[in-house]
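Heads up: the structure comes next, in structure tokens.
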Amino acid sequence: MNIFVARLNFKTRHEDLEAAFAKFGQVTSAKIVKDRDTGRSKGFGFVEMASDEEANKAIVALNETELDGRQIVVKPANPKTSADGGQA
DNA sequence: ACTGAGCGC
């Protein structure tokens, strides 16, 4: 289950997401999206969990909650499929 | 160093 997390604190790290979601289930992967050129946090990230149901309740549990001193938005992530071509 | 809606190389 891929999870999209937005409105993160700019100093929040990937391990912070992993720790936050790991409290509700097993986190398979967690990543903070940073700027490719400067390396600064874009303020959002992605979390992948092994259990879909735990990920789902983790979303409703961590959505609009405070993380690292900032309220975050947690939603199911969209597929990375592009209109040009990618995943079929 | 800063900013604050939104989807990752």
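Just so you know, these numbers come straight off a predicted model, no measurement behind them. In what follows, chains are A, B, ... by sequence order, proteins preceding strands, each numbered from 1. Worth knowing before you read on, the calculation uses all heavy atoms, side chains too, and leaves out hydrogens, waters and symmetry mates.
Residues A:Val73 and A:Phe44 fail the side-chain proximity criterion, which asks for heavy atoms closer than 4.5 Å.
Positionally, the nearest nucleotide of DNA chain B for A:Phe10 lies more toward the 5' end than for the other of A:Phe46 and A:Phe10. In this structure, A:Ser41 and A:Pro76 both approach DNA chain B, and ranking their closest nucleotides by distance from the 5' end singles out A:Ser41.
Atom pair A:Arg7:CZ and B:dC7:P shows a separation of 14 Å (rounding to whole Å applied). The nearest whole Å value for the distance from the NZ atom in A:Lys11 to the P atom in B:dC2 is 13 Å. Residue A:Asn78 contributes atom CG, which lies 11 Å from atom C1' of B:dG8 at whole-angstrom precision. Going from atom CD1 of A:Ile72 over to atom C1' of B:dG6 covers 14 Å, rounded to whole Å. A straight line from CZ of A:Phe4 to P of B:dG6 spans 9 Å, rounded to a whole angstrom. Rounding to whole angstrom units, CD1 of residue A:Ile3 and C1' of B:dG6 are separated by 16 Å. At whole-Å resolution of the value, CG in A:Asn2 and C1' in B:dC7 are 11 Å apart. Protein atom CZ of A:Phe44 is 13 Å distant from nucleotide atom C1' of B:dT3, rounded to whole Å.
Partners of A:Phe46 by ring pair (Phe, Tyr, Trp, His ring centres under 6.0 Å), not counting sequence neighbours, listed by chain and number: A:Phe4.
Applying the 4.0 Å criterion to OP1 and OP2 of B:dT3, one finds that A:Arg40 has every side-chain N and O outside that range.
Atom CD1 of A:Ile59 and atom CE of A:Met1 lie 4.0 Å apart (nearest 0.5 Å). Taken from CD1 in A:Ile32 to CD in A:Glu18, the straight-line distance is 11.0 Å, to the nearest 0.5 Å. The distance from atom CG of A:Asn2 to atom NZ of A:Lys31, rounded to the nearest 0.5 Å, is 10.0 Å.
Closest approach to the A:Asn9 side chain among B:dC2, B:dG8, B:dG4 is made by B:dG4 (side chain taken as heavy atoms from C-beta onward). In this structure, of B:dC2, B:dG4, B:dG6, it is B:dG6 that holds the atom nearest to the side chain of A:Lys75.
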Salt bridge (charged side-chain N to carboxylate O under 4.0 Å, His left out) between A:Asp35 and A:Lys42, worked out: CA-CA 6 Å; A:Asp35 189 274; A:Lys42 288 186 178 178; 5.2 Å; no
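Within residues 20-37 of chain A, the residues having any heavy atom closer than 4.0 Å to DNA chain B are, in order of number, A:Lys31, A:Val33.
Taking every heavy atom of both residues into account, A:Ala58 and A:Phe24 meet most closely at CB-CB, 3.7 Å.
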